[in-house]
Amino acid sequence: MHIDIITCLPRLVESPFNDSIMKRAQKKGLVEVNIIDLRSYATDGHKSVDDYAYGGGAGMVMMIEPIDRCIQDLKSQREYDDIIYMSPDGELFTQSIANQLSLKKNLILLCGHYKGVDERVREHLVTREMSIGDYVLSGGELAAAVISDAVIRLIPGVLSDETSALSDSFQDNLIAPPVYTRPADYKGWKVPDVLLSGHEAKIEQWRLEKATERTQKRRPGMLEKH
Ligand code: SAH
């Protein structure tokens, strides 16, 4: 998979890709992440990527020209499955969308900043718009990192134990069951006996019960889909 992240603040998005699972995925060659500085597509000496809003009002707007030049340049190098604009009013990002995206080959994630991008970018240049939740961030960079993380860990081979993504919350419309590690007794707070029993079928049964119980309590709507 190849992900291009377009941003006017590359440093804001870099560090999550330089550690842990996302770093390993790149090292293994399972994903290529390219962070592109929108300013290198600016047309003036000041490297401007934003300007005042027509009609007045507070806040700068990201200009269409550098974004278009950047996207056209990328498109001349490969074919993209989706060009996704990070937007608080976009489609709500979920585990099921993460699953879908993990099967794609080439993606562009476009990060807005300030008041957002000129509306014509949304009308003519992107194929999809995605939000990570009903709240407003200062920029799309953190959203792009969140989406990339959720997607990249689903690419086969990225997690060392491949079944581990499958047993995560939301993956089968169930919340994950509780997990424990040593010590078995900490200040009298004990690990459930069944987990120490070594009885695999009973452990599986217990995990399913706990997962169902937890889903019922925390995400009741999800159980209907299970
Ligand atoms: N004026 C816009 C918000 C702009 S926030 C509005 O009221 O809708 C600046 C940028 O941050 C946006 O262009 C978008 O790229 C990003 N952003 C903010 N909140 C986001 C969210 N919940 N999900 C994804 N991207 C978000």
Side-chain angles (χ1 to χ4, degrees), residues 1-17 21-22 31 33-43 46-75 80-102 104 106-154 168-170 219 221-222:
M1 173 181 262
H2 180 99
I3 304 178
D4 284 312
I5 301 178
I6 305 175
T7 167
C8 55
L9 292 157
R11 282 208 320 233
L12 262 186
V13 75
E14 269 160 19
S15 74
F17 293 94
I21 289 170
M22 291 214 280
V31 66
V33 180
N34 193 12
I35 298 168
I36 298 151
D37 187 352
L38 187 59
R39 287 183 202 281
S40 58
Y41 290 90
T43 51
H46 299 292
K47 303 248 169 259
S48 315
V49 290
D50 60 319
D51 208 337
Y52 295 102
Y54 274 127
M60 303 298 278
V61 176
M62 287 175 66
M63 298 187 289
I64 188 168
E65 196 178 359
I67 297 175
D68 188 29
R69 280 160 47 104
C70 178
I71 290 178
Q72 298 318 325
D73 183 25
L74 295 175
K75 275 168 100 175
Y80 288 91
D81 297 290
D82 263 319
I83 301 175
I84 308 174
Y85 173 53
M86 303 297 116
S87 185
D89 60 2
E91 200 181 337
L92 211 51
F93 183 68
T94 59
Q95 189 66 23
S96 124
I97 296 177
N99 281 319
Q100 272 174 35
L101 294 181
S102 73
K104 308 278 187 196
N106 298 314
L107 293 174
I108 292 179
L109 305 181
L110 170 64
C111 306
H113 223 86
Y114 318 109
K115 273 282 166 200
V117 296
D118 185 306
E119 188 65 17
R120 291 166 291 183
V121 169
R122 305 179 65 171
E123 286 168 356
H124 302 290
L125 300 181
V126 304
T127 59
R128 212 165 168 177
E129 301 187 322
M130 213 143 297
S131 163
I132 62 162
D134 285 349
Y135 40 80
V136 176
L137 303 165
S138 329
E141 288 76 12
L142 296 179
V146 164
I147 290 177
S148 301
D149 184 317
V151 168
I152 289 172
R153 66 196 293 286
L154 293 171
D168 282 331
S169 291
F170 311 113
R219 296 287 188 280
M222 222 161 73

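Residue numbers start at 1 and run along the sequence shown. Just so you know, ligand 1 is whichever comes first in the structure, and atom 1 is the first atom listed for that ligand. This one's a predicted model, so the numbers in the text were calculated from it and none came from an experiment.
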Atom indices of ligand 1, in the order listed, that fall short of 4.0 Å to a heavy atom of [X]:
X: Met130; value: 24 (C)
X: Tyr114; value: 4 (C), 5 (S), 9 (C)
X: Ser131; value: 22 (N), 23 (N), 24 (C)
X: Val136; value: 3 (C), 5 (S), 19 (N)
X: Gly140; value: 11 (O), 15 (O), 16 (C)
X: Gly116; value: 13 (O)

Open item on the list: I'd like to check whether Leu110 has a polar contact with ligand 1, where a contact means an N/O of the residue lying under 3.5 Å from an N/O of the ligand.
Closed with: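 In this structure, Leu110 places no N or O atom under 3.5 Å from an N or O of ligand 1.
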
Open item on the list: Would Gly112 count as being in polar contact with ligand 1, using the rule that some N or O on each side must be under 3.5 angstrom apart?
Closed with: yes

Open item on the list: My understanding is that only residues two or more places apart in sequence, or in another chain, count here; which of them pass side-chain contact (heavy atoms from CB on, under 4.5 Å) with Arg39?
Closed with: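 Only Cys8, Asp37, Lys47, Val49, Tyr114 meet the side-chain contact (heavy atoms from CB on, under 4.5 Å) criterion with Arg39.
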
Task: Any protein heavy atom nearer than 4.0 Å to atom 25 (N) of ligand 1 - done: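 For atom 25 (N) of ligand 1 the answer is yes, since some protein heavy atom falls inside 4.0 Å.
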
Task: Shortest protein heavy-atom distance from atom 21 (C) of ligand 1, along with the residue and atom involved - done: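 Looking only at protein heavy atoms, the one closest to atom 21 (C) of ligand 1 is Pro88 CA, 3.7 Å.
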
TODO: Can you pull out the closest protein heavy atom to atom 13 (O) of ligand 1? Residue, atom name and distance to 0.1 Å, please.
DONE: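 In this structure, atom 13 (O) of ligand 1 has Tyr85 OH, 2.7 Å as its nearest protein heavy atom.
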
- [ ] Name the option, out of Lys115, Met86, Met62, that contains the heavy atom nearest to atom 15 (O) of ligand 1.
- [x] Met86

TODO: Report, as yes or no, whether the 6.0 Å neighbourhood of atom CD on Glu65 holds more than 12 heavy atoms from other residues, nucleotides or ligands.
DONE: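 Atom CD in Glu65 is not crowded, with 12 or fewer foreign heavy atoms closer than 6.0 Å.
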
Task: Arg69 atom CZ, neighbour heavy-atom count above 12 within 6.0 Å - done: yes

